[in-house]
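Data first, discussion second: the structure below is written as structure tokens.
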Amino acid sequence: MTAPTKPPHTTPADAVPGLSRRARARDEEPGETVGAHLHAPVIDWFDEHARDLPWRRPEAGAWGVMVSEFMLQQTPVNRVLPIYEQWLARWPRPADLAAEAPGEAVRAWGRLGYPRRALRLHGAAVAITERHGGDVPSDHAQLLALPGIGEYTAAAVASFAYGRRHAVLDTNVRRVFARAVSGTQYPPNATTAAERKLARALLPDDESTAARWAAASMELGALVCTAKNESCHRCPIAASCAWRLAGKPEHEGPPRRGQTYAGTDRQVRGKLLAVLREAHAPVPQSALDRVWHEPVQRARALDGLVSDGLVEPLAGGLYRLPQG
DNA sequence: TAACCGTGGCT
DNA sequence: TAGCCAAGGTT
């Protein structure tokens, strides 16, 4: 098993075939919208082909959108669906989660992976309850100030839940833009200023259209313009796609090494936490010792979990999920 | 900036 | 089969 790897890049920052020189020179707030020829086909495609996901239904509300965004960070939709439903049924409002021990969030997170997200979602619920009267804020800066929310998630919640106009730049959208506009197979490894500028330039002027565009361009990347085995024959903007018109050149250069997973601290942490999730009483050290043979790494992993706040050490060599 | 942080399905 | 891949955030 390996950890996630992102493809390397060659994107020339400002070599954007689809944009006029004036458009490239202009920085931020648009007077006229760039890339407007992409908006209608992508949004129309979305209207017809969008998946019916629970967090897209009106009854999900801003809290449902926010919960889904936390769970979807690096985790596939199909694995999120059942946990999302259980989560919202148990904690229908931020205050409901805030009233629980953080360890309950970690337990309910199950095997979604990256359990620190569960802790941060709990922390965000506490902050929303304390600072925002229990309502998920719609302001980008206020969202960004919450634990576990970065640039992408703040924009996604503001856009999807409140219809605000933000560039929502996730891995799907970055790949769509890299191909359709920049003409490269993959976006850069890390998000660049040029990508942000491009995303802002492509954002429709109208607020509700911008929100629709954000969801539609992301869905296109998830369903059609995928990382591997892309389906150009189903793509609404294939005719103007810079990468396709260039003959779909494959990325050149050394592939970035993916971190191996087997034998890493991450694997050990996962095994340790799995024991504590299943237990409903404090667990003795001896039970944790069984999950990994190598004592030094085992101790390091446990220490890491404790310092992350995912595990609470008790007197007498007992451990449990955090109660406070 | 780059490393770190889980998990399981797919090819 | 073993590497690839999935709606990132934090340090």
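All values below were derived from every heavy atom in this structure, side-chain atoms included, with hydrogens, water molecules and symmetry-related copies excluded. Lettering follows sequence order; numbering is per chain, from 1.
DNA chain C lies under 4.0 Å from no heavy atom of any residue of residues 278-299 of chain A. Within residues 44-73 of chain A, the residues that place at least one heavy atom under 4.0 Å from DNA chain C are, in residue-number order, A:Arg51, A:Leu53, A:Trp55, A:Arg56, A:Glu69, A:Leu72, A:Gln73.
Under the rule for a salt bridge (charged side-chain N to carboxylate O under 4.0 Å, His left out), A:Lys271 has no partner lying at least two apart in sequence or in another chain. For A:Ala216, the side chain to side chain contact (heavy atoms under 4.5 Å, CB included) partners two or more places apart in sequence, or in a different chain, are A:Val42, A:Ile43, A:Phe46. Remark: A:Gln73 engages A:Arg117, A:Thr153 in a side chain to side chain contact (heavy atoms under 4.5 Å, CB included) (not counting sequence neighbours).
Backbone-only contact: A:Gly150 has heavy atoms under 4.0 Å from sugar-phosphate atoms and none from a base. Here A:Ala227 lies in heavy-atom contact (under 4.0 Å) with sugar-phosphate atoms only. Residue A:Leu112 is in base contact, counting any heavy-atom pair closer than 4.0 Å across all strands shown.
Sorted by first and then second residue, the salt bridge (charged side-chain N to carboxylate O under 4.0 Å, His left out) pairs with a member in residues 73-100 of chain A read A:Arg90-A:Glu100, A:Arg90-A:Glu104, A:Arg93-A:Asp96; sequence neighbours excluded. Listed by first and then second residue, the salt bridge (charged side-chain N to carboxylate O under 4.0 Å, His left out) pairs involving residues 177-191 of chain A amount to none (not counting sequence neighbours). Listed by first and then second residue, the salt bridge (charged side-chain N to carboxylate O under 4.0 Å, His left out) pairs involving residues 36-45 of chain A amount to none (not counting sequence neighbours).
When distances are taken from the side chain of A:Val77 to each of C:dT10, B:dC5, C:dA7, the shortest belongs to C:dA7. Checked against C:dA6, C:dC5, C:dA7, the side chain of A:Lys228 finds its nearest nucleotide in C:dC5.
With ring centers used as reference points, A:Trp63 lies 6.0 Å or more from A:Trp91.
Evaluation of atom-type donor-acceptor distances gives a pair under 3.5 Å for the side chain of A:Arg79 against the base of B:dT7. Judged by atom type and distance alone, A:Thr75 reaches the base of B:dG6 through a side-chain donor-acceptor pair under 3.5 Å.
Each of A:Ala222 and A:Pro147 was assigned the nucleotide of DNA chain C with the nearest heavy atom; the assignment lying further toward the 5' end belongs to A:Ala222. For the pair A:Asn229 and A:Pro115, both in contact range of DNA chain B, the more 5′-proximal nearest nucleotide belongs to A:Pro115.
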Check: residues 123-137 of chain A side-chain donor-acceptor pairs under 3.5 Å, at least two apart:
from, atom 1, to, atom 2, distance (Å)
A:Thr129, OG1, A:Ala125, O, 2.7

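Atom name C1', nucleotides C:dT1 and B:dG8: the rounded distance is 15 Å, in whole Å.
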